[in-house]
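Please read the structure below before turning to the comments.
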Amino acid sequence: MWPYYPDLLDRPVPRYTSYPTAAEFDDSIGLSDQTAAIDMIGVETPISLYVHIPYCQEICWYCGCNTGAANRGDRVATYLDALEEEIHLVARHLGGRGRISRIAFGGGSPNAIPALAFVRLLDRIVTEFHAASAEIAIELDPRSLDNDWYDVLAKTRVTRASLGVQTFAPHIQQAIGRIQPLAMIEAALARLRAAHVSSINFDLMYGLPHQHLADLDDTLDHAIRLAPDRIALFGYAHLPSVISRQRHIDEQSLPDSHRRFEQAARGYRRLTAAGYVPIGFDHFALPGDSLALAAAEHKLHRNFQGFTDDPCEVMLGLGASAISQFPDLIVQNEKMAGRYRMLVGAHQLAGRRGVRRSTEDQWRGRIIEQLLCSGSAKIEDELMHRAGPALRPFGDHGLVRCSPGQMAITPTGLPYARAIAACFDAYRGPSKGTFSHAI
Ligand code: SF4
């Protein structure tokens, strides 16, 4: 179905959840830029909130998230106190301006904190930001969902949840340090549906240690039978020099590039044949889900949470390492939870790194977003000309089609979308090796 050209996938490329990417952040951006950007927010500006909980009950070996073990209750409690203080500080800067349309809790695992602490946090957000009608989404670890959490999810109007599943194969779960039997996922899904969580996502992975096509098929069989509203099928990014916990994973047991490609292609074929609408090449949604509807209406976007139907241009990140995005600025909070607590405890906002988005960054970012979200983009002749040498190999293989002022990724070019988008990235020289495989 998809032709395999290894030389076109050789170069590690970003996932482009922002442009410029996090690799371009530096400490020339900080508190004063963050404050000035918040001060510019208008009364009616729609805002998305992202709340980061950097703790998990158990740490999985493959994970690249900023998270640590939630085994010390006092550490989690002081972090939550700091988060409440940051909520208060940001709300005070806003002074009633802005309209919160969405609140997303991510991590880590938001359900690593006690369910009642979540209620208190949500109550604080809704009170401080006047966000009573905001849509609420949450990432959940099925291993630490207890009765209290199901009760709270039912009572707090959470409408979207993403479950970390990754694989149903027990031997692969063993190899990645994440044991969760099929029955646990089935029970979580049934109880979330009973709690009126209307859109449920499964995160699945390919490219895992000891993973063969038959393992992936088996996982896809279960996923298709359980029919979550959305499925994300990510390629495992093995970067043990950057993410030390990945050193637990046996490098020799990882599928090579060709087998990764086959697995991505198998996932795409199986899920689309089962009725899922493809969103890019690695996300899938049932036809009635808001993500599929946004794709059909060309209203899909890409932000730090991946593909989204959220049109907000302002995202405020709360918590250690959380990222705030404005049209002309990206700011990341202090990454280390301890230092974050100290800053916020001193009544300061926590923005410490970031990048300013020039006019050129903004239009290049729009082109990259359009290519990844809808597979085509309007591109000025001058820029097309400059990207020409990098694009040529993709054109020679029929993976892109160019016409005056326009470029489209062909159906066979889909798995090369990130590599094609990288041709419009002014910051990417020869590979520095800090990004993941292009597939
Ligand atoms: S539960 Fe999720 S966030 Fe936590 S370590 Fe595992 S993969 Fe990472």
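What you see is a predicted model, and the numbers here were worked out from it, not measured in a lab. Just follow the structure's listing: the first ligand is 1, and inside any ligand the first atom is 1.
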task = Could you tell me whether R341 and E334 make a salt bridge, using a distance below 4.0 angstrom between a side-chain N and a carboxylate O?
result = no
request  = Everything protein-side that's N, O or S and under 2.8 Å from atom 6 (Fe) of ligand 1: list it, residue and atom.
outcome  = C60 SG
task = Specify side chain, backbone, both or neither for R143, according to which of its non-hydrogen atoms lie closer than 4.0 Å to ligand 1.
result = side chain
inquiry  = So, 4.0 Å and heavy atoms of Q166: is ligand 1 close enough to count as a contact?
reply    = no
note = Looking only at heavy atoms, the pair that brings L216 and Q211 closest together is CD1-NE2, 4.0 Å
note = What one should report as the nearest heavy-atom pair of I29 and V355 is CG1-N, 3.7 Å
inquiry  = Tell me whether the count of non-hydrogen atoms from other residues, nucleotides or ligands lying under 6.0 Å of CD in E186 goes above 12.
reply    = yes
task = Decide whether S28 and D26 meet the rule of one side-chain donor and one side-chain acceptor closer than 3.5 Å.
result = yes
task = Taking the side chain as every heavy atom from C-beta outward, state whether I200 and L189 have any atom pair closer than 4.5 Å.
result = yes
ask   = Can you list the steps and then say if R418 with L372 is a side-chain contact (heavy atoms from CB on, under 4.5 Å)?
value = CA-CA 7 Å; R418 279 168 56 202; L372 295 179; 4.2 Å; yes
request  = Number the atoms of ligand 1 from 1 as they appear, then name those within less than 4.0 Å of a heavy atom of G108, with their elements.
outcome  = 3 (S)
